[in-house]
Structures are given as structure tokens and as C-alpha cells.
K.L.:
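I'd like to ask some things about the structure below.
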2 protein chains.
Amino acid sequence: MLGAALARCAACEIRDQTFCSALKYDELGRLQSIVSQFRVAPGQLLFQEGDEAGNVFNVLSGVVKLYKFLPDGRRQITGFLFAGDFLGFAAGGILSYSAEAVSEIVVCRFVRRQLYRLFDEFPKLESRLLGIATDELAAAQDQMLLLGRKTATEKIASFLISLARRMKIETEPNSTVPLPMPRGDIADYLGLTVETLSRTLGKLARDGLITLPGVYRVTLLRPDDLQEIAEGF
Amino acid sequence: MLGAALARCAACEIRDQTFCSALKYDELGRLQSIVSQFRVAPGQLLFQEGDEAGNVFNVLSGVVKLYKFLPDGRRQITGFLFAGDFLGFAAGGILSYSAEAVSEIVVCRFVRRQLYRLFDEFPKLESRLLGIATDELAAAQDQMLLLGRKTATEKIASFLISLARRMKIETEPNSTVPLPMPRGDIADYLGLTVETLSRTLGKLARDGLITLPGVYRVTLLRPDDLQEIAEGF
DNA sequence: CGTGGCTTTGAATTACATCAAACCTTGTGG
DNA sequence: CCACAAGGTTTGATGTAATTCAAAGCCACG
């Protein structure tokens, strides 16, 4: 991480997408006093599997990936995080996954103990965090269904649809969605190889469901059909 | 569910394994006043995907499975729950998965709004629930790694080891672990077919890692080797 | 002692992985 | 400004782990 910068919570553009919005405007000072802001270059780690869970983060901009390894190098990406997302949940104070910047990112960093100490003063913060954890649990179950039971085509359709949703792009015909991560990351998120991913994207394009205007962009020609495929029809 | 029965929280044998232990002994009365106890037969639903999240539960005894379906009947079991486990987390007040008794079970049922109302009075309850959600999130990530990247053999080894752990059975050579669910459930939990599951269990037995003294029992002959396989070595 | 539902075993198929090579990009240094 | 590495992506040929389809055991229960 490069140098820290002062956060200006009151002026935060994405406050209402984060747990910070659990606090009222005039309570933000307490948060601001324990937060610092960082810029992180692509490929840099925010933390690693096995680390003490010293810090937690809010993503202000850019993309973060969470992942776990097997000893021989097989990797499963368990989530991509975007602006407004929280990271740092850790069972037993030890992180069981790694977090790495995919693009250049800006994050707000909280010392976990300081943030958790604020819970006494503002229980709404903890409620909000429980709500976030609950949402993530639901998303994790969706991903288990995807990994365990969907075909390559269904996995990719699901990914494109949910990416569009996460990026708040209207899924009307011909809307274009950025793919802000390389093929290897998408493959490791979907439990596929890059070759299968590439071939299956090609097939979706040949079938007239998408076009690939560039490596890092997809146009959804028939999002409704894509959605049906994603859901397993 | 059959008739309700009065709960006796003060006498609860597994209180220290549940969120209830967040309350002191003399505070249990507040919990007891909002809980009722039920016996549920195998195959009966506690709730279903799409339901309003009206109730939450603690499992007192028996085994519960959580699962999601695709429209054509493909199923992913996202978790098995045992004595002491909590269920009912729901994003946005709607349940995104179903819960069904595998064996005969006994559960404590709370009306969700009543329990969540207690959070104001006892913030420790909410902290505990956040801790539980955090643990489940970590387990969910482990399961994603399993589903996305492990081989059939590794999946089954992982399942046997974690089942032994969940059931608090010492994993020393020759300890026997009950398999309290049918093959179809295990397969749908591991993202396999029953045939592959059956064949791979057979292979583990032929390789001298386990024996199958009955359909619903496994003896772990070499748990350490099994663990190594589970972790992907 | 059937009979229906699990479980196991067998043979054939296939979706996806692996191995291999060609094809871009993008950045860098001559 | 161009040549050319270097890394990511796509395409092709082949291999295989797991699925599918099928049938035979095996209980457990009425």
C-alpha cells in the first residue's frame, strides 16, 4: 500500500452503499477518526490467508478479488468486490482467504479492534454488518449452487448477469458490461479452466447471445435469454 | 411440525453450543418467553426457498439439510446442521434456501422479529449472531474451494474429516463416524452423482483408508492420510 | 416374503480438462 | 518508430474424470 490519506467521511460519495451509512451525519466524526484511506496497485495484497485479522476495509473504487489456494496451486476465487463492498470478516480472528487488488483500487482501512469497539457506542453498526454478512451468506449459497450443479454455459451466463447487476448496468438488450478482470480470474471464480471459459464465451457469441467488442468488454445482446440460461432453464 | 412444547432454557444441555449462551443465566427468562420447542419428522420442511423469514431455529438434536434447486431438479445441498447449530439467516427477509429434517429432529423455534427485538436489550445476542454468520461465511468459502477445485476423492475425504470434526469424534485411527444422511444427500452436498460417490467410497476402502461397516457408518483407518488427501496434497 | 426405495456395480458417453501451439496486445529498449 | 519480448487469450487435438444409462443387489417394512 502507498501512503495513507485523510478520509472525508462527510463528503464520501458512496457512503450510502457502505456500512458507514448506519451512522447519522453528525456521528460520522467517530468513524473518520479511526479510518485511513489508501491507494493500492493491481496485484498487491490487502491481506493473506493465515494473517491475523488486524484490519477491515471498504472498497471505494476499483475491483478486489478474494481467493483460497490448494497446496499444488489450484485456486478458487470466492468473490469479487466493487465500490461500496466490505471485506475482512474473519472467523476466530484469523483470515481464511487472501484479498488482492485486481485493478488499481482505493480503500478505507479500519483497525478492526477500533471499529468493533465502536459497536458499543453505535449498535447500528453491528446490525449493519450482520446484514452484510447475511447477504454474503446468501450469495455464497448461490455460488455453491453454481459451482456444484451448473454447466459451463450456465456458469458464464450467471456470471455475466450478476456482474451487470453488481455494476448497476441496466440489463436491456445491447448494454455493454466491462469485464474488469482477466480470463484466469473469471475461470477460477467459476471453477473452470481459461480454455473452457474462452471456448464457451465464443459459443455464446456464435449463438447470438453476446458479442465481445474487446477482451475486457461484453455486450449482452439478449439479456433475458442469458438470464434464463443462468437460472438453468 | 408436531405440537409445541415448553422449552426449559436453564436446563438446556447444549446451551453453550448455541447463540443462547450469549446471555447470562439470569437473563435466560427473556429468551425462554419467546421460544417454543418442536419435534420434526424426517423429510419435513422447516421452511422453503421463497418463504418470508418468519422464524429462526436452533437445532437441539438430529440433522437438518439446507438446499437450493434448479428448475429441472438439480439440487445443491449447501449445508448440514447438527445439535447446537443456528438456521434462518435471510437476506432481505426472504429465505433463499430450503431447510429439511434429515433424521427426526428437535428444534427451538423463535419468531424472528421477537428475537431481533431482543437485540436492543442484549446487544451480545447480535454480536454472537454476527460471529456465527462469520464462521458460516468461512465454511462457505471452504465449500466453494471444494466444489470448484477438488477431485471426487478429495471432496469425499474432506467431507469425512469435517463430519468427524462436526460430530466431535476424535480422528484417531479406526474411529467410526456415523453418516446420518443417505448417499443422495452427500452427493448433492459434494457436487457429485451418487454413482461417483459410491464408486469413490469403494476406492477409498480398497486403498485401505476407510472401511464401510454399514451404509450409515464409516471407519477412518488412516485419518491423517485422509486429511492430507482432503487438503489436496 | 414380496415390494419399493436405496445402494452398488457395469458399460458407454461426454463435458470439461490437459497439452500444445498460434495469435494477439502492450510495453520497452535499441 | 519499430522490433520483439512477455503475458494473456484463443484455437486445436487429445485425454479423462465424472456423468449417464442400465441393471443387479440389498435391506427394511408392511
Side-chain angles (χ1 to χ4, degrees), chain A residues 41-43 63 65 70 72-77 100 102-104 146-159 178-207 210-218 229 232, chain B residues 41-43 65 70 72-77 102-104 146-159 178-207 210-218 229 232:
Chain A
V63 183
K65 64 187 175 202
L70 290 173
D72 63 357
R74 281 174 286 171
R75 183 180 64 157
Q76 181 64 40
I77 291 184
E100 181 181 323
V102 174
S103 60
E104 169 159 315
L146 179 150
L147 291 169
R149 290 302 182 210
K150 288 186 182 177
T151 66
T153 305
E154 290 165 354
K155 286 176 176 183
I156 292 168
S158 300
F159 175 71
L179 295 178
M181 67 289 288
R183 294 288 186 269
D185 284 357
I186 300 174
D188 281 350
Y189 181 61
L190 299 178
L192 299 171
T193 59
V194 288
E195 293 95 329
T196 298
L197 173 63
S198 180
R199 277 188 250 276
T200 307
L201 279 172
K203 186 176 73 62
L204 286 173
R206 258 178 279 113
D207 293 350
I210 61 171
T211 56
L212 294 160
V215 172
Y216 291 103
R217 300 160 64 78
V218 192
I229 293 170
Chain B
K65 65 187 175 201
L70 290 174
D72 64 356
R74 280 173 286 171
R75 183 180 64 157
Q76 180 65 41
I77 291 185
V102 174
S103 61
E104 168 158 315
L146 178 149
L147 292 169
R149 289 302 183 210
K150 288 187 181 175
T151 65
T153 305
E154 290 164 353
K155 286 176 176 183
I156 291 169
S158 301
F159 175 70
L179 295 178
M181 66 290 286
R183 295 288 187 269
D185 285 357
I186 301 175
D188 281 351
Y189 180 62
L190 299 178
L192 299 170
T193 60
V194 287
E195 294 95 328
T196 299
L197 173 64
S198 179
R199 275 187 252 276
T200 308
L201 279 172
K203 187 176 74 61
L204 286 173
R206 255 177 281 113
D207 293 351
I210 62 172
T211 56
L212 294 161
V215 172
Y216 291 102
R217 301 160 63 79
V218 192
I229 293 169

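Letters go in sequence order (proteins before strands), and every chain restarts at 1.
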K.L.:
Is any side-chain heavy atom of B:Tyr189 less than 4.5 Å from a side-chain heavy atom of B:Leu146?
P.N.:
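A side-chain contact under 4.5 Å is absent here.
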K.L.:
Could you please name the option among C:dA17, D:dT11, C:dA11 that lies closest to any side-chain atom of A:Thr196?
P.N.:
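The closest nucleotide is C:dA17.
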K.L.:
Rounded to whole Å, please give me the gap between CZ in A:Arg74 and C1' in D:dA17.
P.N.:
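That distance rounds to 13 Å.
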K.L.:
Check DNA chain D against residues 179-194 of chain A and give the residues with a non-hydrogen atom under 4.0 Å, in numerical order.
P.N.:
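When residues 179-194 of chain A is checked for heavy atoms under 4.0 Å from DNA chain D, the hits, listed by number, are A:Pro182, A:Arg183, A:Gly184.
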K.L.:
What's the separation between atom CD1 in A:Ile229 and atom CG in A:Asp207, rounded to the nearest 0.5 Å?
P.N.:
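One finds 7.5 Å between CD1 of A:Ile229 and CG of A:Asp207.
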K.L.:
How would you list, by chain and number, every residue that makes a side chain to side chain contact (heavy atoms under 4.5 Å, CB included) with B:Val194, sequence neighbours excluded?
P.N.:
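Residues passing side chain to side chain contact (heavy atoms under 4.5 Å, CB included) with B:Val194: B:Arg183, B:Ala187.
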K.L.:
Under the rule for side chain to side chain contact (heavy atoms under 4.5 Å, CB included), what residues qualify as partners of B:Pro182, not counting sequence neighbours?
P.N.:
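B:Pro182 satisfies side chain to side chain contact (heavy atoms under 4.5 Å, CB included) with B:Val102, B:Asp185, B:Tyr216 once adjacent residues are dropped.
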K.L.:
How would you list, by chain and number, every residue that makes a side chain to side chain donor-acceptor pair (under 3.5 Å) with B:Arg149, sequence neighbours excluded?
P.N.:
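In terms of side chain to side chain donor-acceptor pair (under 3.5 Å), with neighbours along the sequence ignored, B:Arg149 is linked to A:Asp188.
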K.L.:
Search all heavy atoms of A:Leu147 against all heavy atoms of B:Gly148 and return the closest pair with its distance.
P.N.:
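Where A:Leu147 meets B:Gly148 most closely, the heavy atoms are CD2-CA, 4.1 Å.
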K.L.:
Any residue in residues 146-154 of chain B with a heavy atom nearer than 4.0 angstrom to DNA chain C? Just list them by number, or reply none.
P.N.:
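Under 4.0 Å from DNA chain C: no residue of residues 146-154 of chain B.
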K.L.:
Sequence neighbours excluded and cut-off under 3.5 Å, please list the side-chain donor-acceptor pairs for residues 195-205 of chain A, or say none.
P.N.:
| unit_1 | atom_1 | unit_2 | atom_2 | d |
| --- | --- | --- | --- | --- |
| A:Thr196 | OG1 | A:Thr193 | OG1 | 3.1 |
| A:Thr200 | OG1 | A:Thr196 | O | 2.7 |
| A:Lys203 | NZ | A:Thr153 | OG1 | 3.4 |

K.L.:
Taking CG from B:Leu197 and C1' from C:dC6, how many angstroms apart are they, rounded to a whole number?
P.N.:
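Taking CG of B:Leu197 and C1' of C:dC6, I get 12 Å after rounding.
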K.L.:
Test of understanding: with side chain to side chain donor-acceptor pair (under 3.5 Å), list the residues that count as partners of A:Lys150, not counting sequence neighbours.
P.N.:
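A:Lys150 satisfies side chain to side chain donor-acceptor pair (under 3.5 Å) with A:Ser158 only.
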K.L.:
Report yes if at least one side-chain N or O of B:Tyr216 is closer than 4.0 Å to OP1 or OP2 of C:dC6; otherwise report no.
P.N.:
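Checking B:Tyr216 against C:dC6: no side-chain N or O falls below 4.0 Å of OP1 or OP2.
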K.L.:
Rounded to the nearest angstrom, tell me the gap between atom CZ in B:Arg75 and atom P in D:dT19.
P.N.:
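Roughly 15 Å, once rounded to whole Å.
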K.L.:
Roughly how far, to the nearest 0.5 Å, is CG of A:Leu212 from CZ of A:Arg217?
P.N.:
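Between A:Arg217 CZ and A:Leu212 CG, I get 11.0 Å after rounding to 0.5 Å.
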K.L.:
Rounded to whole angstrom units, what separation is found between the CD atom of A:Glu195 and the P atom of D:dT11?
P.N.:
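Checked: the CD to P distance equals 12 Å.
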K.L.:
Which angle, rounded to 10°, do you find between the first-five-pair axis and the last-five-pair axis of the helix from C:dC1-D:dG30 to C:dG30-D:dC1?
P.N.:
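About 30°, once rounded to a multiple of 10°.
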K.L.:
Applying side chain to side chain donor-acceptor pair (under 3.5 Å), name anything that partners B:Arg74, two or more places apart in sequence or on another chain.
P.N.:
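Testing B:Arg74 for side chain to side chain donor-acceptor pair (under 3.5 Å), a comparison that skips the adjacent residues, returns A:Glu154, B:Asp72.
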K.L.:
Write down the distance between CD1 (A:Ile156) and P (D:dT10), rounded to a whole number of angstrom.
P.N.:
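Computing the A:Ile156:CD1 to D:dT10:P distance gives 11 Å.
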K.L.:
One character per nucleotide, please: for nucleotides 25-30 of chain D, 5' to 3', B when the base has a protein heavy atom closer than 4.0 Å, S when only the sugar-phosphate does, - otherwise.
P.N.:
------
K.L.:
Could you state the atom-to-atom distance from CZ of A:Arg199 to C1' of C:dA17 in whole Å?
P.N.:
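Rounded to the whole Å, the gap is 9 Å.
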K.L.:
Can you measure B:Leu201 atom CG to C:dT7 atom C1' for me and round it to whole angstrom units?
P.N.:
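Computing the B:Leu201:CG to C:dT7:C1' distance gives 11 Å.
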K.L.:
Atom CZ of A:Arg217 and atom P of C:dT25: how far apart are they, to the nearest Å?
P.N.:
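The answer, rounded to whole Å, is 15 Å.
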